[in-house]
Engineer: 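Below you will find the structure I want to go over with you.
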Amino acid sequence: MSLEQPRRDTRLDRYVETYAERTHGLRVSAVRALFSVANRPEVVSLAGGMPNISDLPLDVIGSKIGELIATRGTQAMQYGSGQGEETIREQICEVMALEGVNGHPDDVTITTGSQQALDLVTRTFIDPGDVILAEAPSYVGALGTFQAYQAKVVHVAMDDDGMLPDALAAAIRTVRSQGRRVKFLYTIPNFNNPSGVLTSLERRHEVARICREEGVLIVEDNPYGLLSLDADPVPAIRSFDAENVVYLGSFSKTFAPGFRVGWALAPHAVREKLVMAQESATLCPPVFSQFAISTYLSNWDWKAQITVFKDMYRQRRDALLAGLEAHMPPGTTWTHPKGGFFVWVTLPEGLDSQALLPRAVTNRVAYVPGTAFYSDGLGSRNMRLSYCFPTPERILEGTRRLGEVLDAELEIHTMFGIDSTPHPHDFASGPGPDVS
Amino acid sequence: MTSDLVVVLAGGLSHEREVSLRSGRRAAQALRDVGHEVIELDVSSSLLGRLEELGNPVVIPLLHGGAGEDGALRQALELAEVPFVGSGSASARVAFDKAIATPRVASAGWATPTQVALPDDMFRELGAPTLVAALARHLGFPMMVKPARSGSALGCAKVDRVEDLPSAMVQAYAYGGVAVVERFVTGVEVAVPVIDMGSGPVALPAVEIRPDSGVYDYSARYTAGATRFLAPAELSDEVAERCAQLAIGAHQALGLRDLSRTDLIVDADGTPVFLEANVAPGMTETSTMPLSMEAAGLDLGHVLSGLVSLARRRGAEA
């Protein structure tokens, strides 16, 4: 073989000097790579938020979609409106009415999942350096979108009843005193992802009042509102504040995520911009998916189907809470969600959920470290556990494995004299108490 | 050109699954490009049955970390009489464990960092404060703490102060029950692949690694653009030759076969110091082995194809 080749000096990426500044923080991470293992069947994954859709009437859906193609295929598989199809926008208004939201189909913009709604709203409002307020902790997918548009996220502390109004007002004041602009508050009042917290009605009114008075738009993300397992429904913020709220909804949890259909209900002026943004992003949201969902809503008792889903998720939630009760070491606390998909665990002082993830994966259990839900590095003592996808039996096994992992980690901390002593606190079930 | 079936094994359940999948995809494509029929398989309970159905084709185990690299899977392939490319189970077991491989290479006369290997049990039984103090005294700072059996720099940390040592040990033990603590070697970071196409091990050009962050951690390894590679390394001919000799020496001292990659540091005196040897070198888009092959004017597909032929002959002779 020849060694006479010229020396190659490379970064293995010829575009390394030309990427946009907003991509500079994007790097491969060992934690993300571990999730590749989490998807293996040997691992009990309490990490992902995939809804369990095995209870759907697949035969009925298959037959109706077949009919759809046979009878209206040329329409369903054609380009469509940038705002979305009229029929589904009307149906969405019926869905929203279940949570007290009185919207008009003209003010609904269909999106590719509510994730794209987040993207459109963010691109419409955010200039680099603008501030978005969000709960502490908040949805990792939203934080990723905000980061992509170079927004600065300021977290607002919450407790078992939701965001703390005083903390919200203080955050707005602080940001403004620094000469920065608050563009909107992003909130998930129903069964927050990741904490599972349901914001009380009183808090919703308080939050809405503060934002109205301060001129801060609210982006209310509500993917889990219809999945209340044992809480009385709480009216959406949009139901009593139509002018200052962009409301995001989704069929991903109440029907199926694969269709990628969500929506934004926005005040008229905002809606116009969202539609134009949608047209420049995709020309139109997926027409076939909209037709398919319309067909499902028209031909199936979808409200009864949601009840089926709720019964199934309730069993899983109960299994997770029972497993945590049985297997977590002293000093561990967790939320008790009344709906949605997630439980937020606070580990004993000194434990770092990200550092112990390799040990967990070795023990065939996975979760999402709490740091994923903060934009500022907090959350190392927390983890998000999902109960939506594994069976109750697997969930119980997962908590047993997780208990072993935490016991082993605590033992090794004790061995090295690293302080892991449980510190009593007054937030036994609080979601993100250390950030207030 | 050949149409012989090759199975590339990638994935597995180790912490390096994602890297392995990337290595497997690239190696499989390189083999297809030179005419092989290639099937990519993950490890599962049906693997051996599937290989039997396929007529026990030659396997390229590109599983990084865990059972894929520690000899366990290779032992199973040997039991099932499946021919495979790369080191046998016994030598893989030795090479994968830094607590065993480093002393083995040192005893063959090559420079290695001063190393202490400690299972977590020792801290439990003897008391951490005493051992931590002894480590600090014996090795001095800075030091490197690593899991004994892991790759891709997972769980590794450079420690500059005694008060940071306990948390670095905890981090290493998250990846396994034994950690090695080594005196830190300052110098130029280099990787030297070795291949043996049947006529003895040959070192390929050294690849010099210059991570932007200064630390060649997981992110620097697998984020394209985050590390600058020089192939061949910017070393004098004399030092480059020493690196090649060390890589061949380590390959032989550990009893490795077909291909390996030795990671080393060239210290201030120009002495190459062995860090570790890999029996399943990464083949990803950001891995050093393909870069080195390119620098040598070799094609990844042709090299792998040659090794497949060797493995097939070994299988036929067994």
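So you know, we letter chains A, B, ... as the sequences are listed, proteins then strands, and number each from 1.
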Engineer: Could you look at Glu234(B) and say if it's the side chain, the backbone, both or neither that has a heavy atom under 4.5 Å from chain A?
Structural biologist: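 When you check distances to chain A, atoms from both the backbone and side chain of Glu234(B) fall under 4.5 Å.
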
Engineer: Using 0.5 Å steps for rounding, measure from the CZ atom of Arg359(A) to the OH atom of Tyr175(B).
Structural biologist: 11.0 Å

Engineer: Counting only heavy atoms closer than 4.5 Å, note whether Arg40(A) contacts chain B via side chain, backbone, both or neither.
Structural biologist: side chain

Engineer: Can a donor-acceptor pair be found, under 3.5 Å and without considering hydrogens, that links the side chain of His15(B) to the backbone of Pro358(A)?
Structural biologist: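 Side chain of His15(B) to backbone of Pro358(A): a pair is present.
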
Engineer: Donor-acceptor check, side chain of Arg17(B) to backbone of Ser36(A), threshold 3.5 angstrom: yes or no?
Structural biologist: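 Side chain of Arg17(B) to backbone of Ser36(A): a pair is present.
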
Engineer: Determine, step by step, whether Val361(A) and Leu13(B) satisfy the side-chain contact (heavy atoms from CB on, under 4.5 Å) criterion, reporting the C-alpha distance in whole Å, the side-chain angles of both residues, the deciding distance to 0.1 Å, and the verdict.
Structural biologist: CA-CA 9 Å; Val361(A) 168; Leu13(B) 268 167; over 6 Å; no

Engineer: Which bit of Val19(B) comes within less than 4.5 Å of chain A, counting heavy atoms only: side chain, backbone, both or neither?
Structural biologist: neither

Engineer: Given side chains that start at C-beta, do those of Phe416(A) and Met169(B) come closer than 4.5 Å, heavy atoms only?
Structural biologist: yes

Engineer: In terms of heavy-atom proximity below 4.5 Å to chain A, should Ser150(B) be classed as side chain, backbone, both, or neither?
Structural biologist: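 Neither part.
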
Engineer: Can you tell which part of Leu21(B) gets under 4.5 Å to a heavy atom of chain A, answering side chain, backbone, both or neither?
Structural biologist: side chain

Engineer: Between Val405(A) and chain B, which part of the residue has a heavy atom less than 4.5 Å away: side chain, backbone, both or neither?
Structural biologist: neither

Engineer: Between Arg27(A) and Ala226(B), which heavy-atom pair has the shortest distance, and what is it?
Structural biologist: NH1-CB, 3.6 Å

Engineer: I need the Arg11(A) CZ to Thr286(B) OG1 distance, nearest 0.5 Å.
Structural biologist: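 Separation between the atoms: 13.5 Å.
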
Engineer: Given a strict heavy-atom distance threshold of 4.5 Å, which part of Leu291(B) is in contact with chain A: side chain, backbone, both, or neither?
Structural biologist: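 When you check distances to chain A, only side chain atoms of Leu291(B) fall under 4.5 Å.
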
Engineer: Heavy-atom distances under 4.5 Å only: say whether Gln171(B) touches chain A with side chain, backbone, both or neither.
Structural biologist: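 For Gln171(B), neither part sits under 4.5 Å from chain A.
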
Engineer: Could you tell me which portion of Arg14(A) (side chain, backbone, both or neither) has an atom closer than 4.5 angstrom to a non-hydrogen atom of chain B?
Structural biologist: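 Contact with chain B is absent: no heavy atom of Arg14(A) under 4.5 Å.
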
Engineer: Between chain B and each of Leu356(A), Thr362(A), Asp352(A), count heavy-atom pairs under 4.5 Å; write down the option with the most.
Structural biologist: Thr362(A)

Engineer: Can you see which heavy atom on Tyr218(B) is nearest to which on Ala33(A), and at what distance?
Structural biologist: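 It is OH-CB, 3.0 Å.
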
Engineer: Are the side chains of Leu26(A) and Thr223(B) in touch, meaning some heavy atoms are under 4.5 Å apart?
Structural biologist: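 No, too far: nothing below the 4.5 Å cut-off.
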
Engineer: Do you know the tightest heavy-atom contact between Ala174(B) and Ala355(A)?
Structural biologist: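 Here Ala174(B) and Ala355(A) meet closest at CB-O, 3.7 Å.
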
Engineer: Heavy-atom pairs under 4.5 Å with chain B - which of Asp13(A), Asp9(A), Val16(A) has more of them than the others?
Structural biologist: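 The answer is Asp9(A).
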
Engineer: What residue, out of Val132(B), Leu154(B), Asp212(B), has the most heavy-atom pairs lying under 4.5 Å from chain A?
Structural biologist: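 Heavy-atom pairs under 4.5 Å are most numerous for Asp212(B).
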
Engineer: Is any side-chain heavy atom of Glu409(A) closer than 4.5 Å to a side-chain heavy atom of Val170(B)?
Structural biologist: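 The answer is yes; the side chains approach within 4.5 Å.
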
Engineer: Under a 4.5 Å heavy-atom cut-off, does chain A meet the side chain of Leu230(B), its backbone, both or neither?
Structural biologist: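 Answer is both: backbone and side chain atoms of Leu230(B) are under 4.5 Å from chain A.
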
Engineer: When you measure from the side chain of Ser219(B) to the backbone of Val28(A), do you find a donor-acceptor pair of N or O atoms at a distance under 3.5 Å?
Structural biologist: yes

Engineer: To the nearest 0.5 Å, what is the distance between CZ on Phe123(B) and OG1 on Thr414(A)?
Structural biologist: 14.5 Å

Engineer: Hey, is Glu18(B) close enough to Arg32(A) for a salt bridge, meaning N to O under 4.0 Å?
Structural biologist: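 Salt bridge flag = no for Arg32(A) with Glu18(B).
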
Engineer: Does Arg7(A) use its side chain to pair, donor to acceptor, with the backbone of Ala233(B) at less than 3.5 Å?
Structural biologist: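 Pair found, side chain donor or acceptor close to backbone of Ala233(B).
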
Engineer: Which bit of Thr10(A) comes within less than 4.5 Å of chain B, counting heavy atoms only: side chain, backbone, both or neither?
Structural biologist: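 Contact with chain B involves both backbone and side-chain atoms of Thr10(A).
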
